[in-house]
Every structure is written in C-alpha cells, then in structure tokens.
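Below is one structure; the comments refer to it alone.
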Amino acid sequence: MNETATRVYAEIDLDAVRGNVRALRERAPRAQVMAVVKADGYGHGAVPCARAALDAGAAWIGTATPQEALALRAAGIDAPLMCWLWTPGGPWREAVEAGIDVSVSALWALDEVRAAARAAGRTARIQLKADTGLGRAGCQPADWAELVGAAVAAQAEGTVRVTGLWSHFACADEPGHPSVPLQLAAFRDMLAYAEKEGVEPEVRHIANSPATLTRPESHFDLVRCGLAVYGVSPAPELGTPAQLGLRPAMTLKASVALVKAVPAGHGVSYGHHHVTAADTRLALIPAGYADGVPRHASGRGPVLVGGKIRTVAGRVAMDQFVVDLGPDDPVEAGDEAVLFGPGDGGEPTAEDWAQAADTIAYEIVTRIGGRVPRVYRNG
C-alpha cells in the first residue's frame with residue numbers, strides 16, 4: 001500500500017467483483033449481464049471494476065452520464081457500453097463516434113442524436129426508454145407511438161439503429177410490491193407495439209439488481225446490475241449479501257491518529273453532544289464527512305477498533321471523529337480502525353452504517369470521497 005494511503009483508504013477486492021458478477025450470471029442464466037459502473041463504480045472505481053466485471057463474463061457496461069462512458073472508452077474499455085442521463089446539448093457526437101449506446105426518452109433527444117450522427121458520418125446506436133411507472137426519464141405510454149414512429153423513420157434514413165428497448169422499476173427492492181407486475185405488463189405492451197412497428201432490438205431490459213435477484217420473469221435479454229456487482233445487498237428485506245451469494249468489495253479503513261486520557265464530564269466534538277461519563281480514553285479517527293463518513297451517523301456509527309465495535313462519540317466533523325475507548329483499553333495511535341467491510345472479520349458493514357445514518361447502503365459506498373485513496377487487491 002502507498003504510504004500516503006494510511007490516513008484513510010478504501011480497499012477494493014476485485015475478486016469479489018468478479019465473484020459477484022458470476023453469481024448474478026447464475027441468477028439470470030438466459031440473460032446477459034450489464035455491470036453498471038456509474039458514479040465511479042458506486043465509489044469503487046469505474047475502470048478497474050469494469051475490467052473485473054468483463055473478466056467475469058459481463059457482456060455490457062452501463063453508466064449514467066456520457067462523460068462517464070467516454071472516460072471508459074478513453075481507458076480502453078471497448079465492450080458494449082450504454083449511458084442514459086442526457087441533457088440538451090450533451091456530447092452526442094462524441095458518443096456516436098465512440099460507439100456508445102445512448103438512451104432516448106423524447107423527441108428532442110432523438111433530434112439531437114440524429115444531427116450528431118449526420119455530423120459524425122456514422123449510424124448512432126440508440127435505446128428507447130419507456131416510462132412504465134417510475135416517473136423519471138422515459139417516454140410515457142401516451143407518447144410512445146410518436147417516439148417509436150420517429151425512431152423507425154430515423155432508422156430508415158440510416159442515422160440511427162434502435163438497439164434496445166428498456167425501462168426501470170420503481171419498487172423492485174420491496175418484495176411483493178404491486179407496482180412490479182404492473183410495470184412488467186406495461187413494458188410488455190410497449191415492447192409489443194415497438195416490435196410491431198418494425199423495431200428489432202438487440203436487447204430488451206428492465207431488471208435492476210433487486211429484480212435480477214428476485215424476479216426471473218423480468219430478465220428478458222439483459223439485466224442491469226449496479227450495487228449487487230459490488231457485493232452489497234440492494235435492500236435488507238431481500239437478504240444479506242451472504243444470503244444473496246454476494247460479497248462486499250469495499251473495506252474502509254483508517255489509522256488511529258491520537259489516543260488521549262480525559263476526565264469524566266469532558267465534552268467531545270462540536271456541540272458537546274457526547275460528554276464522558278467517567279475517566280476514559282478517546283481515540284481520534286482521521287476521517288469525516290469530507291471523506292464520505294455520514295454526519296447523520298453522529299453518535300451512532302459503528303467502528304471496529306482494537307478488536308471491539310465502538311460507536312462514534314459525538315458529532316462527525318469534516319475530517320475526523322472520535323470514539324470513546326473506556327479507561328483501560330490498549331488501543332494506541334497507528335492502530336487500525338475499520339469503518340465497514342464484508343463483516344466476516346467482525347467489522348461493521350455498509351448496511352450497518354446505512355441504518356445508523358437513516359439511509360441506504362447505496363449512499364454509504366457511493367459517497368466515499370475522492371480524497372480517500374482506493375487500494376486494489378487481486379487486480
């Protein structure tokens with residue numbers, strides 16, 4: 001490990017990423033797997049995780065923004081690649097020239113990608129997104145015929161090829177939610193219409209991580225797996241990572257920066273929301289909300305220090321927080337603190353931090369900031 005990484009660093013186990021992709025392929029044996037590496041691979045590192053996922057048999061890579069997709073192409077990732085979060089004036093031509101599949105939800109986007117295709121002198125690969133009930137991006141059923149008709153016409157003129165039809169679930173992480181079958185039915189209807197109008201997609205897809213794990217009828221030709229690629233359960237109700245056949249890839253570690261004795265009645269951190277109940281020793285952990293440690297977990301976040309689970313004492317600050325060791329604990333400066341990891345070494349997990357911060361595990365791993373070095377294992 002680089003010596004500059006000792007303050008706080010995230011260990012990323014690329015063998016875990018590979019194993020998770022293999023497990024997801026087993027869950028969806030008739031579909032291809034898209035490994036989603038948006039938001040810098042959910043905080044794990046987009047390029048190394050994309051390579052690991054492809055090593056394990058992922059057929060596609062997915063990103064949210066075109067900038068993320070173009071960065072992967074620049075790094076030499078030449079696998080099928082899709083991005084879906086576009087705004088007017090985006091880098092359509094660059095995406096077309098890089099052979100990136102772009103998502104189209106509305107006529108304005110189709111017009112812009114057609115213009116980009118003409119400028120680039122090559123056919124754009126587009127995937128039409130249907131809004132089957134999530135209410136974010138995607139074309140409403142009432143507007144679907146118009147969008148499909150325009151896309152078919154653009155395909156006839158040679159500016160685009162419709163390579164995919166897709167949608168996204170709203171509540172697949174809630175077992176038994178009634179919206180899931182309703183969205184599936186709407187998706188099938190919208191697929192049938194597009195195919196009747198002459199669209200012959202390479203891939204049809206709606207399943208995200210939770211649907212990949214629990215709804216085989218939603219798999220179609222391709223499943224889009226995000227958080228599960230990194231070994232974190234997409235919802236506690238679906239099971240722990242181990243129960244789902246997954247292993248968390250990220251372990252967040254820090255070095256204890258200072259240990260000191262303080263008397264009873266001593267305030268700790270901003271606002272003195274923690275006051276020592278007796279003479280004790282405090283350990284300073286040099287990581288804070290600027291590194292991604294959630295301030296909402298103040299007074300609740302768990303940390304493994306000296307072989308014991310401790311709790312954040314008082315508020316998480318920008319660069320540091322404190323744990324109360326008790327009076328006789330042998331922890332010293334330089335000892336390792338593990339904020340979260342797979343959990344099999346007794347350390348907390350990302351889900352433990354999510355519960356402490358009243359959020360979801362997606363946010364815990366994704367928010368680990370850029371000043372936290374990533375150290376890759378099993379590259």
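Keep in mind that the numbers below use all heavy atoms, side chains included, and drop hydrogens, waters and symmetry copies.
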Side-chain donor/acceptor of Arg310 to backbone N/O of Val323, under 3.5 Å: no
Would a single hydrophobic cluster contain both Trp60 and Trp166, if residues Ile, Leu, Val, Met, Phe, Trp and Tyr are joined by side-chain heavy-atom contacts under 4.5 Å? yes
Decide yes or no on side-chain contact (heavy atoms from CB on, under 4.5 Å) for Ile368 and Met250, but give the supporting numbers first. CA-CA 10 Å; Ile368 300 305; Met250 181 187 289; 4.0 Å; yes
Evaluate side-chain contact (heavy atoms from CB on, under 4.5 Å) for Glu202 paired with Gln32, printing each intermediate quantity in order. CA-CA 11 Å; Glu202 296 173 16; Gln32 296 178 319; over 6 Å; no
What pairs with Phe169 under ring-ring contact (aromatic ring centres under 6.0 Å, His included), at least two apart in sequence or on another chain? none
Partners passing side-chain contact (heavy atoms from CB on, under 4.5 Å) against Tyr270 (at least two apart in sequence or in another chain): Arg315, Ala317
Do NZ/NE/NH1/NH2 and the carboxylate oxygens of Asp13 and Arg377 come within less than 4.0 Å? no
So does Ile206 get a backbone contact from the side chain of Ser167, meaning a donor-acceptor N/O pair under 3.5 Å? no
So, does Gln183 use its side chain to make a donor-acceptor pair with the main chain of Ala170 at under 3.5 Å? yes
Are Leu304 and Val232 co-members of a hydrophobic cluster defined by side-chain heavy atoms under 4.5 Å apart? no
Looking at every heavy atom in both Ile100 and Ala69, which two are closest together, and how far apart are they? CD1-CB, 3.8 Å
Please verify the inter-ring angle class for Tyr42 with Tyr362; under 30° counts as parallel, over 60° as perpendicular, anything in between as tilted. tilted
Start with the C-alpha gap between Lys308 and Asp329, add the side-chain angles, then the distance that decides, and say whether side-chain contact (heavy atoms from CB on, under 4.5 Å) holds. CA-CA 10 Å; Lys308 299 177 184 177; Asp329 202 293; 3.7 Å; yes
Can you find a pair of side-chain heavy atoms, one from Leu14 and one from Pro48, that are under 4.5 Å apart? yes
Report yes or no: does Trp86 contribute a side-chain atom to a donor-acceptor pair with the main-chain N or O of Val102 at less than 3.5 Å? no
Would you give the length of the straight line joining atom CG of Leu85 to atom OG of Ser103, rounded to the nearest 0.5 angstrom? 9.5 Å
Within one Ile-Leu-Val-Met-Phe-Trp-Tyr cluster: Val365 and Tyr376, side-chain cutoff 4.5 Å: yes
Keeping to residues at least two apart or across chains, list the salt bridge (Lys or Arg N to Asp or Glu O under 4.0 Å) pairs with something in residues 24-42. none
Residue Glu217 excluded, over 12 heavy atoms near CD under 6.0 Å: yes
Is there a donor-acceptor pair under 3.5 Å between the side chain of Thr276 and the backbone N or O of Pro263? yes
Exceeds 12 heavy-atom contacts within 6.0 angstrom, atom CD of Glu146: no
Within the structure provided, determine whether Leu24 and Val223 are in side-chain contact (heavy-atom separation under 4.5 Å). no
Cluster question for you: counting only ILVMFWY and a side-chain heavy-atom cut-off of under 4.5 Å, with indirect links fine, are Leu284 and Val256 together? no
Work out which heavy atom in Cys83 is nearest to a heavy atom in Thr65; give both atom names and the distance. CB-O, 3.7 Å
Hey, are the side chains of Val47 and Leu72 touching, using non-hydrogen atoms and a 4.5 Å cut-off? yes
Considering residues at least two apart in sequence or located in another chain, which fulfil the side-chain contact (heavy atoms from CB on, under 4.5 Å) criterion with Ala119? Arg93
If you compare all heavy atoms of Ile77 against all heavy atoms of Arg73, which two are closest, and at what distance to 0.1 Å? O-NH1, 2.8 Å
Does some side-chain heavy atom of Ile126 sit less than 4.5 Å from a side-chain heavy atom of Gln155? no
If I compare all heavy atoms of Ala228 with all of Asn20, which pair ends up nearest, and what's the gap? O-CB, 3.5 Å
Side-chain heavy atoms of Pro201 within contact of Glu195, under 4.5 Å: yes
Going by distance alone, is a donor N or O of one side chain under 3.5 Å from an acceptor N or O of the other, for Glu157 and Thr159? yes
Classify the ring geometry between Trp92 and Trp108 as parallel (under 30°), tilted (30 to 60°) or perpendicular (over 60°). perpendicular
Check whether Arg215 reaches the backbone of Pro210 with its side chain - one donor and one acceptor, N or O, closer than 3.5 Å. no
Student check: side-chain heavy atoms of Val316 and Ser298 closer than 4.5 Å: yes
Hey, are the side chains of Leu165 and Phe220 touching, using non-hydrogen atoms and a 4.5 Å cut-off? no
Nearest 0.5 angstrom please: Cys49 SG to Ile12 CD1, how far? 6.5 Å
Between Thr311 and Pro302, is there a donor-acceptor pair closer than 3.5 Å when you use the side chain of the first and the backbone of the second? no
Please tabulate, for side-chain N and O atoms in residues 337-348, each donor-acceptor pair with protein atoms closer than 3.5 Å (sequence neighbours left out).
| unit_1 | atom_1 | unit_2 | atom_2 | d |
| --- | --- | --- | --- | --- |
| Asp344 | OD2 | Arg247 | NH1 | 2.6 |
| Asp344 | OD2 | Arg247 | NH2 | 3.2 |
| Glu347 | OE1 | Gly345 | N | 3.0 |
| Glu347 | OE2 | Gly343 | N | 2.6 |

List for me each residue that meets salt bridge (charged side-chain N to carboxylate O under 4.0 Å, His left out) alongside Arg281, sequence neighbours excluded, and say none if there are none. Glu332
Pair Val303, Trp353 - check side-chain contact (heavy atoms from CB on, under 4.5 Å), show working. CA-CA 9 Å; Val303 190; Trp353 274 87; 4.0 Å; yes
Counting distance only, does the side-chain N/O of Thr63 pair as donor-acceptor with the main-chain N or O of Val37 below 3.5 Å? no
Looking at Leu238 and Leu244, what are the two nearest heavy atoms and their distance? O-CD2, 3.3 Å
For the backbone of Thr212 and the side chain of His219, can you confirm whether one donor and one acceptor N or O come within less than 3.5 Å of each other? yes
For atom NZ of Lys260, is the number of surrounding heavy atoms from other residues, nucleotides or ligands below 6.0 Å larger than 12? no
Decide, yes or no, whether a salt bridge links Arg371 with Asp319 under the criterion of side-chain N to carboxylate O below 4.0 Å. yes
Does Val148 share a hydrophobic cluster with Leu107, counting links as ILVMFWY side-chain heavy atoms below 4.5 Å and allowing steps through other members? yes
4.5 Å side-chain heavy-atom contact, Thr163 and Val203: no
Where Val96 and Ala116 come nearest, the two heavy atoms and their spacing: CG2-CB, 4.3 Å
Donor-acceptor contact below 3.5 Å, side chain Glu112 vs main chain Gly89: yes
At what distance, to the nearest 0.5 angstrom, does CG of Leu227 lie from CD of Glu363? 12.0 Å
